[in-house]
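Heads up, the thing below is written out as structure tokens.
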Amino acid sequence: MPGTCVIGLQWGDEAKGKIVDLLTAGRRYVVRYQGGANAGHTVKVGNEVYKLSLLPSGVLTPGVTCLITGGVVLNPAKALEEVDELAGRGIQLDGDSLKISDRVHVILPWHFAEDKVLDSSTGGENIGTTQRGIGPCYRDKVARSHAIRLGDMYRPDFAERIKHITEAKNRVLAAMVTDGDFEPLDADAIYKQYSDYAERLKPYVDDTTEILLSSLEKGEHVIFEGAQGSLLDVDHGTYPYVTSSNSSGVGISNGSGVPGKYLDRVLGVVKAYSTRVGGGPFPTELDNETGQYLRDRGNEYGTVTRRPRRCGWLDAVAIRYTARLGGVDGLCVMLMDVLSGLDEIKICTAYEIDGKRTTVYPSHVDDLRRVTPVYESVPGWKEEIDQVKSYDELPAAAHAYLDRIAELIGCPVDVVSVGPGREQTIVINESLTRC
Ligand code: IMP
């Protein structure tokens with residue numbers, strides 16, 4: 001099983017980091033292949049809680065090398081901040097434990113300014129981005145003329161490129177910013193700041209594509225850690241209320257440079273309910289006391305932005321779609337403990353639109369806005385389950401809920417998580433932790 005992939009099947013924040021952490025021991029590399037500092041993963045090891053945004057969760061496991069590959073957009077300040085924070089807590093990352101592709105695109109000051117302006121000018125509901133410059137950086141990557149990759153920062157014309165792009169961006173931003181507080185960006189200051197970042201990042205910079213291909217050809221074990229969730233995929237998600245990268249399973253190859261033949265197991269991570277941050281349709285949203293119950297028990301506030309997350313029932317139509325899209329082999333059902341205490345739990349099994357019932361996920365966001373969820377109710381359970389150690393100890397109602405999810409999605413449940421700690425994880429498919 002050289003390549004194991006861990007992807008989120010909802011709108012992100014499914015606790016993928018915990019699954020990556022569980023699987024990491026004995027693997028050679030953990031790969032972060034898309035997104036940037038918009039993601040946030042929280043991993044609890046003993047009593048220590050680590051909140052990471054750019055660095056893969058694998059950095060917490062000694063002996064594993066973490067790779068940030070070309071599909072990522074890198075905020076250098078954030079990467080260094082996370083490296084420093086870990087060092088302050090006794091985890092030293094050097095050029096052997098962390099490698100960053102020279103192909104990653106770099107987030108620059110104008111990307112933050114553009115993100116702010118563009119997010120509020122959709123002409124409709126705001127996308128509600130994390131304001132981390134993600135969309136504008138990916139846009140420049142695809143447009144090419146104003147993009148800077150990490151490898152460019154070590155070339156003799158770096159100062160010249162910064163000057164040229166800053167001049168162009170100042171003209172564009174002056175026209176875009178209409179609220180009067182536009183301060184032209186200073187090319188010399190940016191050059192100096194980013195040259196300092198480049199110097200500090202130098203030990204980590206490498207050709208991660210070559211490293212990965214060589215490693216997989218030798219049969220070494222690699223984990224691919226998705227960021228965000230499949231419904232935020234720029235091509236296959238709830239466009240335009242998505243992020244700017246391929247955050248579903250289809251993004252693994254293009255973001256990492258690894259062909260599909262090496263990706264032999266895909267784990268789809270879902271919460272036992274649904275959450276969404278930012279704008280966009282959310283058919284099973286619960287804007288009521290039950291939604292607040294889930295938010296409070298699940299501590300549903302963004303890791304990166306602290307925004308309260310929108311909460312709702314599990315949407316099996318959406319997850320069946322993303323599980324098929326990602327070629328998912330098994331499910332990890334997270335935050336099951338949050339559901340304790342509810343009299344009944346609902347699952348959305350179909351949508352009704354224009355009087356017709358369907359289980360096909362709509363391709364246009366306007367249609368998704370118009371659907372009425374069709375629910376099935378299953379009994380809840382009253383007892384707390386956060387200390388439960390095995391599948392058999394779970395209440396019968398929890399078994400019935402998990403069985404129904406597996407049946408509706410068409411994939412077995414391989415892991416159930418009942419709390420944030422490493423020890424609060426029930427591994428049903430034990431072959432996962434063997435390599
Ligand atoms: P962006 O990725 O900052 O451009 O934001 C686009 C959309 O994706 C917004 O609705 C964000 O809230 C959402 N988003 C981006 N990253 C994450 C994440 O890691 N978890 C959940 N939502 C995210």
Side-chain angles (χ1 to χ4, degrees), residues 6-20 32-43 51-57 68 71-75 78 82 105 107 110-122 124-142 225-248 251 255 269-271 273-282 285 295 298-312 315 318 322 334-335 365 368-369:
V6 178
I7 58 170
L9 298 185
Q10 294 157 309
W11 283 285
D13 309 312
E14 296 95 348
K16 297 175 286 293
K18 182 176 168 179
I19 297 300
V20 172
R32 173 79 197 273
Y33 54 88
Q34 46 77 219
N38 48 349
H41 25 274
T42 306
V43 182
K51 288 185 189 291
L52 301 167
S53 191
L54 255 177
L55 302 184
S57 314
I68 297 180
V72 168
V73 286
L74 186 88
N75 174 345
K78 190 76 189 123
E82 290 187 19
H105 279 253
I107 299 195
W110 45 80
H111 293 134
F112 297 101
E114 290 169 344
D115 205 358
K116 197 164 158 217
V117 184
L118 289 169
D119 189 29
S120 52
S121 56
T122 55
E125 186 185 358
N126 288 0
I127 295 168
T129 74
T130 57
Q131 305 277 304
R132 299 299 192 265
I134 306 295
C137 185
Y138 276 116
R139 189 189 54 183
D140 280 342
K141 161 181 168 168
V142 177
E225 172 174 0
Q228 290 87 43
S230 302
L231 293 168
L232 290 174
D233 186 289
V234 65
D235 291 308
H236 305 283
T238 53
Y239 192 87
Y241 300 96
V242 292
T243 190
S244 301
S245 60
N246 285 117
S247 53
S248 71
V269 188
V270 295
K271 276 182 188 171
Y273 48 94
S274 305
T275 61
R276 176 163 205 174
V277 204
F282 179 1
E285 183 166 12
R295 189 173 302 113
N299 187 25
E300 294 295 357
Y301 297 88
T303 312
V304 172
T305 59
R306 296 308 299 158
R307 287 180 289 179
R309 296 181 184 138
R310 300 156 67 191
C311 296
D315 184 342
T322 52
M334 315 302 284
L335 293 115
V365 80
L368 189 61
R369 277 189 212 287

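Note that the coordinates shown come from a computational prediction; the quantities given were computed from them, not determined experimentally. For ligands, and for the atoms within them, numbers begin at 1 and follow the listed sequence.
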R307 meets the side-chain contact (heavy atoms from CB on, under 4.5 Å) criterion, sequence neighbours left out, with T130, V277, T305

The reported gap from CG in D13 to NZ in K271 (rounded to nearest 0.5 angstrom) is 5.0 Å

Heavy-atom nearest pair, Q131 first then D119, reads NE2-OD2, 3.5 Å

Counting only non-hydrogen atoms and a 4.0 Å cut-off, the residues near ligand 1 are W11, D13, N38, A39, G40, I127, G128, T129, T130, Q228, L232, V242, T243, V277, G278, R307

Checking side-chain polar atoms at under 3.5 Å, does T129 have a donor or acceptor matched by the opposite partner on D115? yes

Do N38 and Q228 pair up side chain to side chain, a donor and an acceptor below 3.5 Å, judged on atom types alone? yes

Nearest heavy-atom approach of R309 to N299 is NH1-O, 4.3 Å

